[in-house]
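One structure below.
None of the values given here were measured: they were computed from a predicted structure. Note that ligands are numbered from 1 as they come in the structure, with each ligand's atoms numbered from 1 the same way.
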Amino acid sequence: MSSPNNFVILGGGISGLSAAWYLSRYAPSTTKILVLEGSNRFGGWIKSKRVGQHKILFEQGPRTLRPNGIGGSVVLDMVNRLNLIPSLHAVTKDDDAAKDRFIYYPDKIVKLPGTSLLSSMKSVFTNNFLLKSIPSILFEPFIKPARNYHDETIHEFISRRFSKSISDILISALIHGIYAGDINKLSIRSTFTRLYNLEQKYGSVIKGLLMSNKEEFLSQQDKYLLKIINDENKDFLSIFKNVSLYSFKDGIEQLSSAIVNDLKNKENVQLKTNNQVTKLEFGENVKIFTNEAVYEADHVISALPSRALYNILPEKDVLPHLNYNPSVSVATINLAYAHPKILPVKGFGYLIPQSTPHNPYHVLGVVFDSNAMPLQDEPSRTYTKLTIMMGGHYFNSISEKDDFPKKEILLQQSIEILEKHLGIYSTPLYYLVDIQKNCIPQYYVGHYSRLKELHYAIKNHYANRLSVTGASYWGISINDCVLNSAKLVLNILSNSPNVVTGLEEVEIQNEHYL
Ligand SMILES: C=Cc1c2[nH]c(c1C)Cc1[nH]c(c(CCC(=O)O)c1C)Cc1[nH]c(c(C)c1CCC(=O)O)Cc1[nH]c(c(C)c1C=C)C2
């Protein structure tokens with residue numbers, strides 16, 4: 001069997017768009033590529049909007065990209081090929097205004113260690129809970145490792161190897177700032193994979209951190225891809241060695257828009273919005289039913305959330321794992337104040353751990369956008385821009401009923417929180433309030449084992465007809481999503497007639513600690 005020559009990609013978020021982009025680059029130009037998006041726009045959770053008379057830029061989804069790791073290099077290669085470098089805004093590793101991070105615990109803003117030795121020591125010695133954490137870090141190398149391939153919650157892992165308070169205070173804050181999730185539900189293996197691997201291989205996280213090297217846990221395919229990207233972009237990538245974060249003049253959405261514009265220029269690519277897929281039928285080829293039409297494909301790449309894919313498959317009991325993990329919804333409240341300096345501290349923002357005693361509005365954290373990305377608005381005016389993020393796993397009980405708090409209430413609560421936490425009493429000049437529904441998938445304990453079963457079930461039932469990509473499987477960041485779509489496309493194009501599901505990593509990951 002030769003490579004498929006008629007692809008339909010389900011979902012026009014960053015994963016679906018990247019899959020189409022890589023196909024358009026590497027597949028023969030006779031290959032037909034159709035992207036179907038259910039909503040009226042492409043980009044998924046990536047949403048950058050300019051608001052008001054002064055066209056202030058507000059980010060409702062991801063707001064920065066990181067250049068590090070293999071995903072970082074792959075995205076930078078894409079950014080370069082899409083001619084986005086002239087619009088790029090970078091923050092360097094030594095920029096104080098952007099790098100310091102804080103938590104709100106128990107009732108005040110506390111700076112986290114990690115930027116400079118001196119300031120780290122100061123924050124450790126002035127905060128009792130940080131000081132108390134030191135012995136558990138020193139003793140970690142002497143704690144017996146878990147049995148091989150044992151998955152557990154983040155809270156169980158961190159409490160077992162370090163201490164309950166490190167988990168409840170520091171790690172739960174961190175998990176709010178990445179997954180908006182609950183440390184008592186999320187899998188250590190699939191969220192903090194590096195920590196998990198270090199314990200598995202070295203018997204201790206601290207020993208592993210001291211002894212391992214950066215590329216140790218990369219698969220052969222990742223090492224190969226990294227080498228190719230690095231060799232092709234050597235001079236260009238070296239510019240980013242001192243960059244910690246970057247975005248674009250008009251925000252992160254410039255990336256998804258640039259992919260869309262590039263695809264629109266390709267004769268073999270079609271992009272359709274307002275095409276909600278309702279059903280898939282598998283036969284000699286695949287029939288894709290939407291509210292608008294019926295399409296046919298040799299091969300379907302699903303970049304939909306796993307539960308959305310589950311709902312359109314013909315046999316529900318074949319791939320039950322698609323329906324296991326929930327996603328959380330996050331309320332984003334963007335505010336812009338006409339004053340340049342109303343924040344009491346400089347930094348990226350602060351997070352609120354699950355253990356913070358009084359958090360009635362379920363705030364996850366606050367990003368100080370004007371510190372992290374100061375140059376996205378008109379230079380003649382200076383604003384303080386903040387984004388308050390609420391909900392996440394705290395919204396779980398209401399997300400099924402779609403009974404989220406009203407926007408006016410969220411705005412009022414945010415203003416109240418900023419008075420209490422930061423002493424801000426001014427009225428914002430501009431604001432934007434929204435709820436990003438089901439935006440972050442939650443990898444619950446056992447995720448890795450479920451992916452393994454899913455891989456073989458797709459192989460058995462939908463071989464050469466269906467593969468999957470997107471944030472539901474191997475990482476939620478933009479870097480992960482682009483990287484996984486790139487790998488999927490390269491695998492499909494180079495491995496035919498072998499079956500490619502998008503979950504091949506389950507077959508090779510264990511090689512690291514054998
Ligand atoms: C307050 C809630 C949130 C903040 N950001 C997010 C939420 C839910 C979403 C988010 N943050 C990160 C990712 C991963 C993908 C990515 O784009 O890189 C997602 C989906 C990255 C991230 N944010 C923080 C950390 C430690 C990381 C991991 C990478 C890194 O080390 O930079 C911290 C953080 N997030 C938020 C704040 C206020 C904050 C720190 C003070 C907001």
Side-chain angles (χ1 to χ4, degrees), residues 13-15 44-47 59-69 71-72 75 91 93 95 97-105 109-115 170-182 186 191-195 243-247 251-252 255-256 327-334 343 345-354 356 359 361-373 385-395 414 417-418 421-422 435-436 438-443 470-472 474-484:
I14 191 70
S15 300
W45 190 33
I46 297 178
K47 274 187 225 157
E59 293 282 10
Q60 297 189 300
R63 57 212 56 235
T64 47
L65 285 156
R66 286 157 186 78
N68 44 315
V75 172
V91 176
K93 287 184 178 157
D95 183 341
K99 72 182 173 185
D100 287 341
R101 289 167 184 197
F102 301 82
I103 60 170
Y104 185 83
Y105 183 83
I109 302 279
V110 176
K111 187 165 160 191
L112 291 174
T115 46
L170 297 176
I171 304 299
S172 97
L174 196 65
I175 286 300
H176 276 172
I178 305 174
Y179 292 90
D182 180 353
L186 294 175
T191 56
F192 286 138
T193 309
R194 186 164 167 77
L195 300 192
V243 170
S244 66
L245 304 170
Y246 69 95
S247 178
I252 293 287
L255 176 61
S256 47
S327 293
V328 294
S329 303
V330 176
T332 52
I333 300 96
N334 303 91
L343 289 170
V345 287
K346 274 187 180 168
F348 183 83
Y350 69 93
L351 292 165
I352 307 188
Q354 271 171 258
T356 288
N359 186 11
Y361 303 143
H362 298 143
V363 181
L364 301 163
V366 179
V367 189
F368 303 159
D369 297 293
S370 41
N371 284 351
M373 278 292 145
K385 276 197 302 187
L386 306 171
T387 306
I388 294 119
M389 298 198 180
M390 290 183 187
H393 67 101
Y394 296 117
F395 276 162
S414 301
I417 287 297
L418 294 179
H421 292 182
L422 301 174
I435 291 175
Q436 317 306 324
N438 296 319
C439 60
I440 311 182
Q442 304 290 295
Y443 303 156
S472 295
W474 290 120
I476 60 163
S477 72
I478 294 178
N479 287 350
D480 294 327
C481 292
V482 174
L483 171 66
N484 289 321

Original post:
Are more than 12 heavy atoms from other residues, nucleotides or ligands located less than 6.0 Å from atom NZ of K346?
Top reply: no
Subject >> Test log, rule side-chain contact (heavy atoms from CB on, under 4.5 Å), inputs F348 and L245 >> reply: CA-CA 11 Å; F348 183 83; L245 304 170; 3.9 Å; yes
Original post:
Going by distance alone, is a donor N or O of one side chain under 3.5 Å from an acceptor N or O of the other, for Q436 and T332?
Top reply: yes
Subject >> For R66, side chain to side chain donor-acceptor pair (under 3.5 Å) partners two or more places apart >> reply: none
**OP:** Could I get the full list of side chain to side chain donor-acceptor pair (under 3.5 Å) partners for Y105, not counting sequence neighbours?
**Re:** none
Subject >> Close-range residues for ligand 1, whose non-hydrogen atoms fall below the 4.0 Å threshold >> reply: W45, T64, R66, R101, L174, H176, G177, I178, A180, F348, G349, Y350, L351, L364, G365, V366, V367, M389, I440, I476, S477
Original post:
Taking only residues two or more places apart in sequence, or in another chain, which ones meet H176 in a ring pair (Phe, Tyr, Trp, His ring centres under 6.0 Å)?
Top reply: H393, Y394
